[in-house]
Amino acid sequence: MLQVKRIREEKKAIIRGLRKRNWTSEQIKILDEILHTDDERRRLQKQLDDLLAENKRLSAQIGQLMAQGKREEAEQLKSKVTAQKEDVRQLEERFEEVKNRLESLLYTVPNCPHRSVPAGRGAEDNKIVRDWKKPFPALPHDALAHWDLAKKYDLFDFELGVKLTGAGFPVYRGKGAKLQRALIQFFLEENIKAGYEEILPPHLVNEDTARGTGQLPDKEGQMYVCERDGLYLIPTAEVPVTNLLRDAIVSESELPICYTAYTPCFRREAGAWGAHVRGLNRVHQFDKVEIVRIEHPQRSYKALLEMVRHVQRLLNKLELPYRIVLLCGGDMGFTSAKTFDFEVWSGAQQRWLEVSSVSNFETFQSYRLQLRYRDAEGKIHLTHTLNGSALALPRIVAALLENNQTPEGIRIPKVLHKYTGFKMIS
RNA sequence: GGAGAGGUGCCGGAGUGGUCGAUCGGGCUUGACUCGAAAUCAAGUGUACCCUUGCGGGUACCGUGGGUUCGAAUCCCACCCUCUCCGCCA
């Protein structure tokens, strides 16, 4: 969430940013409402603090009078303080109410896009910053989509998933299962080599954690909930991993802090279903390896590029055709200041599939998380947080199967051989 | 799940109704001593929010949330968590 202080000081820049997210003048008025509400909040806090200070002083006096045995004077003061208690109660109530109102207003404002982010309506306005220049893999015109390849080679089974759980919960089997495990292992090893510490977090988180990274209060509909225990199934490893440092103050020299984690991801995805979300294109449970960075504000955009280059290397090693897309304001996630998407070419479906999203959240998450660092002078500042998929498995698998199909079987990229133990699926 | 003990600052550990944001020890920072270091000595060392141009000042926070009281880390209630023992169990 944005800091009120920032809205007050950089209002013009924030309006420019929100315009890129297609905010109307009507919507932008909420900024003024926030500022007014904050003025009121500060006014009430001053009043309340003063009143509490007065009562505190009187109470201390009562203590002294009692010690001196001056009972009557003490009793007099007591009745005075008692009389003020109702004022305190009322002020407290109003203060709480205004504070809550301010918070819920702030929750409705998305992150301010970085100045380099283009304006735009939706996906059609995204900027392709790196296109695939080489030819796509040559496939026969009767090439199979991955869901047909899965049947042919017995790699995963959606009907069985329906039997066990419901639609969108694939059962991987045989070489299909092993391929999953190989990819996870490959990604983790590459990330560790690049300096990320491996984390294996819980797959269920509590409300505070879900709030920390911004899944709550907004997007509870996208998560699976265990109501009885007040827990949420994680939609991404970003949630538990970024929360590791919630309420922490790290020293400047510890930055950057780099984590990587493999977890299953659970998404209810209320969105539309149809032909283009067949097979592994969109599922309720999938595997993903995530990278998370806690960065110094001055270095976060450099870090973002480093993460982009790292994901690029992974895709190169997997020999998959890909392109990098800079998301426009209208297509960017609520919490992000700047996002690059990675899309791989799916040969049989003849379309691009999103396999990674790398974002800088600046202080949008760290403010809520209270994730700060202490500089050399002892001053405390918010860190920047970033994360990216490195990588999400299902669509990688889809592209891999489709692009590498041959009459003899499906060719496994060389880098995976030592993890799969086989070079072909046949 | 049952019984007991307990949750206090970076750590250890006091505090059982008043001047306690919190004794003390360790750690850390700065200064003195030293060629330098160790040892020693001295001072400092929480966070959030608010007021203030600045100096500085105020409020809240002792697991969480309520309550009692003029006043709560301290008393009462509920919940959460940790440890020990028993039971169950991958």
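The chains referred to below are lettered A, B, ... by the order of the sequence lines, with proteins before strands, and numbering in each begins at 1.
- Within the shown strands, G63(B) is the pairing partner of C79(B) under the Watson-Crick or G-U definition, both distances less than 3.5 Å.
- Across all strands shown, C33(B) remains unpaired; no Watson-Crick or G-U wobble contact has both distances below 3.5 Å.
- Contacts between residues 37-56 of chain A and RNA chain B, defined by a heavy-atom separation below 4.0 Å, involve R41(A), R42(A), Q45(A), K46(A), D49(A), L52(A), A53(A), K56(A), listed by number.
- The interatomic distance linking R374(A) (CZ) with A48(B) (C1') rounds to 13 Å, in whole Å.
- Only the P atoms considered, U59(B) is 15 Å distant from G71(B), to the nearest whole Å.
- Side chain to side chain, S426(A) and R411(A) fail the donor-acceptor criterion of an N or O pair below 3.5 Å.
- Across the protein-nucleic acid pair, E103(A) atom CD and C49(B) atom C1' stand 14 Å apart, rounded to whole Å.
- Across all strands shown, G44(B) forms a Watson-Crick or G-U wobble pair with C28(B), both key distances being under 3.5 Å.
- Nucleotide C70(B) holds its P atom 18 Å from the CD atom of E73(A), rounded to whole Å.
- Between the K11(A) side chain and the D32(A) main chain, no donor and acceptor come within less than 3.5 Å of each other.
- Pairing of A90(B), defined by two Watson-Crick or G-U wobble distances under 3.5 Å, is not identified with any nucleotide.
- Across the strands present, C49(B) finds its partner in G58(B); the criterion is a Watson-Crick or G-U wobble pair with both atom distances under 3.5 angstrom.
- Taking atom P on both C79(B) and C70(B), the two are 28 Å apart, rounded to the nearest angstrom.
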Exercise. Going through the distances and angles, do I257(A) and Y259(A) end up as a side-chain contact (heavy atoms from CB on, under 4.5 Å)?
Worked result: CA-CA 7 Å; I257(A) 296 168; Y259(A) 295 131; 3.5 Å; yes

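- Protein atom CG of D229(A) is 16 Å distant from nucleotide atom P of C79(B), rounded to whole Å.
- Comparing the same atom, P, in G44(B) and in G54(B) gives a spacing of 25 Å after rounding to whole Å.
- Side-chain contact, E190(A) with Y196(A): no donor N or O sits under 3.5 Å from an acceptor N or O.
- Across all strands shown, nothing is found opposite G17(B) as a Watson-Crick or G-U wobble partner with both distances under 3.5 Å.
- Only the P atoms considered, C80(B) is 26 Å distant from A90(B), to the nearest whole Å.
- Distance CZ (R89(A)) to C1' (G66(B)): 15 Å, rounded to an integer number of Å.
- One atom, CD of E96(A), and another, P of G65(B), lie 11 Å apart when rounded to the nearest Å.
- At least one cation-pi condition fails for K338(A) and Y301(A): the charged atom is not both under 6.0 angstrom from the six-membered ring centre and inside a 45 degree cone around its axis.
- Look at G9(B): it lacks any Watson-Crick or wobble partner with both distances under 3.5 angstrom.
- Taking for each of M66(A) and L77(A) the nucleotide of RNA chain B with the nearest heavy atom, the 5'-most of the two is the partner of M66(A).
- Map K78(A) and A60(A) each onto its nearest nucleotide of RNA chain B; the residue landing nearer the 5' end is A60(A).
- For the P atoms, the distance from G57(B) to U74(B) is 28 Å, rounded to whole Å.
- Aromatic ring pairs are classed by plane angle as parallel below 30°, tilted from 30° to 60° and perpendicular above 60°; the pair Y224(A) and H284(A) is perpendicular.
- Within 4.0 Å of Q370(A), counting heavy atoms only, lie sugar-phosphate atoms of the nucleic acid but no base atom.
- Applying the Watson-Crick and G-U wobble criteria (two distances, each under 3.5 Å), C85(B) pairs with G2(B).
- T24(A) and E26(A) are not linked by any side-chain donor-acceptor pair at a separation below 3.5 angstrom, with hydrogens and angles left out of the test.
- One interatomic measurement links the two molecules: CD of Q68(A) to C1' of G18(B), which rounds to 13 Å at whole-angstrom precision.
- Atom name P, nucleotides C20(B) and A73(B): the rounded distance is 12 Å, in whole Å.
- In this pair, H296(A) and Y373(A) present their aromatic rings tilted. The plane angle is within the 30 to 60° band.
- For the pair D208(A) CG and G63(B) C1', the computed distance is 13 Å after rounding to whole Å.
- Contact annotation: R372(A) reaches the phosphate of A48(B) (side-chain N/O to OP1 or OP2, under 4.0 Å).
- Distance noted for atom P between U23(B) and U40(B): 22 Å (whole Å).
- Remark: the separation of the C1' atoms in A72(B) and A22(B) is 13 Å, to the nearest Å.
- Side-chain N/O atoms of Q180(A) and D287(A) include a donor and acceptor closer than 3.5 Å.
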